[in-house]
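Right, one structure below, let's go through it.
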Amino acid sequence: MVKFCTKTCLFILPKTSYHQLQTQSFIPFSVRQEQKILESRLVSVLHGCTHINQVKQAHAHIFRKGLEHCCFVLAKLLRTLTKLDVPMDPYPRLVFQQVEYPNPFLWTALIRGYALQGPFMESVLLYNSMRRQGIGPVSFTFTALLKACSAALDVNLGRQVHTQTILIGGFGSDLYVGNTLIDMYVKCGCLGCGHRVFDEMLDRDVISWTSLIVAYAKVGNMEAASELFDGLPMKDMVAWTAMVTGYAQNARPREALEVFERMQAAGVKTDEVTLVGVISACAQLGAAKYANWVRDVAEQSGFGPTSNVVVGSALIDMYAKCGSVEDAYKVFERMEERNVYSYSSMIVGFAMHGLAGAAMELFDEMLKTETKPNRVTFIGVLTACSHAGRVEQGQRLFAMMEECHGVAPSEDHYACMVDLLGRAGRLEEALNLVKMMPMNPHGGVWGALLGACRIHGNPDMAQIAASHLFELEPNGIGNFILLSNIYASAGRWDDVSKVRKLMRVKGLKKNPGCSWVEGKKGIIHEFFAGDMSHPKSREIKQALEDLLDRLMYLGYQPNLSSVAYDISDEEKKRLLMSHSEKLALAFGLLTTNAGCTIRIVKNLRICEDCHSVMCGASQITGREIVVRDNMRFHHFRNGRCSCDNFW
DNA sequence: TTAGGGTTAG
């Protein structure tokens with residue numbers, strides 16, 4: 001038997017003979033073993049590549065070793081390039097073309113690359129070429145093709161691939177193919193087809209279940225998601241996270257936290273994705289108690305905000321939504337890495353709290369870094385300008401966003417501009433801007449105009465905005481109420497009746513006003529408008545009357561135009577007294593220590609009368625009061641609000 | 001080769 005050094009052997013082999021080497025059985029066993037070791041080593045080198053230059057170096061090494069036709073190694077090279085998001089043309093494509101006898105794995109690596117990057121149809125064309133050359137696909141040729149169908153949202157193509165999986169080699173019963181089929185149907189919006197695939201699968205794993213759970217959660221059907229989850233025999237971290245996130249994304253934060261508690265009780269580990277769902281749930285609850293708790297959980301799980309940019313950004317958003325922009329900024333300041341999410345969340349946070357100067361400063365700071373602003377960043381800065389009445393600055397930003405930063409204004413940005421002009425009382429200009437929009441205005445645009453009409457008392461223009469809104473958002477109860485209130489403030493009671501009648505005909509019911517306030521030990525107390533069910537109702541009422549008496553002594557008069565009913569002034573005063581945020585304020589003053597900030601969350605927009613009472617209360621009690629209504633935050637300090645009475 | 005994620009205006 002001829003013995004020779006493998007390295008020398010591979011080195012002296014003519015480069016075109018690699019295929020022969022693979023197929024000739026007379027090559028000694030030891031040589032084939034050595035070769036396999038070398039291939040595996042190269043694959044692991046490629047696995048560790050984090051930059052295209054490293055891949056190119058590895059590629060040169062592959063050449064030096066005479067392995068430039070080795071499909072096993074080159075398929076890994078292509079997968080690495082795809083992972084690094086290197087465009088398929090020209091480099092990865094060229095690598096493939098230089099191989100004389102590409103095997104199904106190499107074909108698939110190329111098909112997968114196009115499926116993930118586009119153009120997606122190239123995957124299908126390649127698949128056809130492969131078939132024409134008589135090469136049979138492997139299971140992940142189909143998973144790659146199905147990914148291309150999902151990315152192209154082409155369910156018809158997906159169905160064709162589905163048929164192929166059944167016709168060729170029985171891949172229809174492959175677990176990976178089945179799971180990817182579910183995913184494809186779901187992404188293309190055919191949840192029913194996805195569920196049918198799931199039902200027909202002979203073999204299912206936790207991924208099959210999770211794909212379907214996520215699909216139901218995404219369409220808002222948490223009951224179906226929950227039923228599936230309960231039936232899932234082996235629940236892993238991803239499946240639990242899908243449920244936490246599902247509830248959070250469907251505005252059911254309490255249930256999200258309940259699932260998370262069960263997850264922890266079951267001893268399942270938590271990672272950054274789970275935390276993001278939990279943080280989002282806490283942000284929705286808006287309570288400082290939960291905010292600090294989840295921050296501790298993140299630290300304990302090893303995903304603290306300092307080192308983890310995703311968790312950090314989510315925490316910035318959460319603290320801002322929980323009323324503590326200071327804590328949000330502390331997180332931001334300490335982050336080791338910041339990206340567009342971190343900056344945007346912080347800018348939006350500042351804007352939400354009326355800190356336009358800080359928002360603009362941070363935006364300027366961001367421009368000095370390599371982080372490019374995106375559409376959300378611009379929504380943040382435009383909102384900041386809007387709430388601070390900085391019209392010219394907002395107009396300058398809007399004018400340059402596309403030219404200087406490559407972000408084309410969307411309907412949402414136009415909505416910000418309508419809000420900016422409208423709040424500043426420039427209603428005609430706002431309406432003209434809507435008429436000049438290059439795209440059809442959406443509900444946000446007309447809603448901004450309607451809101452401005454409320455601030456500036458313009459029932460005629462409100463009628464125009466509302467007529468569009470009633471078409472675009474036929475069930476948007478808020479629009480009907482806003483129009484009705486605008487008519488009421490103008491004393492147009494006949495029009496108020498018409499809007500109310502329309503609401504009755506459509507079966508729309510007004511949500512009752514509700515406020516939450518944190519009492520002692522972080523316990524949340526809930527108050528509805530006119531609610532006398534709280535055990536301390538009598539004391540609360542008395543405290544509120546005392547407070548209002550003191551305020552009246554200083555010149556406060558109830559703002560009767562805040563009441564949208566045609567009733568006597570006395571009745572109006574009584575109704576104003578019963579607003580939920582006033583009850584919450586009185587309870588907060590009664591039960592928390594002097595010096596403590598009172599934090600109130602309200603489900604509807606705060607009315608003008610309550611706003612002035614909060615201002616006055618902050619002055620005479622020396623307390624800081626933070627109110628989060630359904631629009632924004634109001635920080636009341638020493639008789640002033642961060643919104644400058646402009647909301 | 002297959003499943004879960006962060007910022008959005010009225």
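Atoms considered below: every heavy atom in the structure, side chains included; atoms not considered: hydrogens, waters and symmetry mates. Per chain, numbering begins at 1; letters A, B, ... match sequence-line order.
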Task: Atom-to-atom span, OH of A:Tyr343 to P of B:dG6 - whole angstrom - done: 22 Å
Task: Candidates B:dT8, B:dG5, B:dG10 - which lies nearest the side chain of A:Ile379 - done: B:dT8
TODO: Please state how far atom CG in A:Leu604 lies from atom C1' in B:dG10, giving the value in whole angstrom units.
DONE: 15 Å
Task: B:dG6 phosphate, OP1 or OP2, under 4.0 Å from A:Gln249 side-chain N/O - done: yes
Open item on the list: Ignoring hydrogens and geometry beyond distance, is the side chain of A:Ser344 in donor-acceptor contact with the base of B:dT7 at under 3.5 Å?
Closed with: yes
Task: N/O (side chain, A:Lys147) to phosphate O (OP1/OP2, B:dA3) under 4.0 Å - done: yes
Open item on the list: Within a 6.0 Å radius of atom CD on A:Gln264, are there more than 12 heavy atoms belonging to other residues, nucleotides or ligands?
Closed with: yes
Open item on the list: Strictly below 4.0 Å: does A:Arg423 bring a side-chain N or O up to OP1 or OP2 of B:dG10?
Closed with: yes
Task: B:dT8 phosphate, OP1 or OP2, under 4.0 Å from A:Lys321 side-chain N/O - done: yes
Open item on the list: With a 3.5 Å cut-off and heavy atoms only, can you find an N or O donor on one side and an acceptor on the other between the side chain of A:Thr143 and the base of B:dT1?
Closed with: yes
Task: Side chain of A:Met352 - closest among B:dG5, B:dT8, B:dA3 - done: B:dT8
Open item on the list: Side chains of A:Asp419 and A:His387 only: does a donor on one sit below 3.5 Å from an acceptor on the other?
Closed with: no
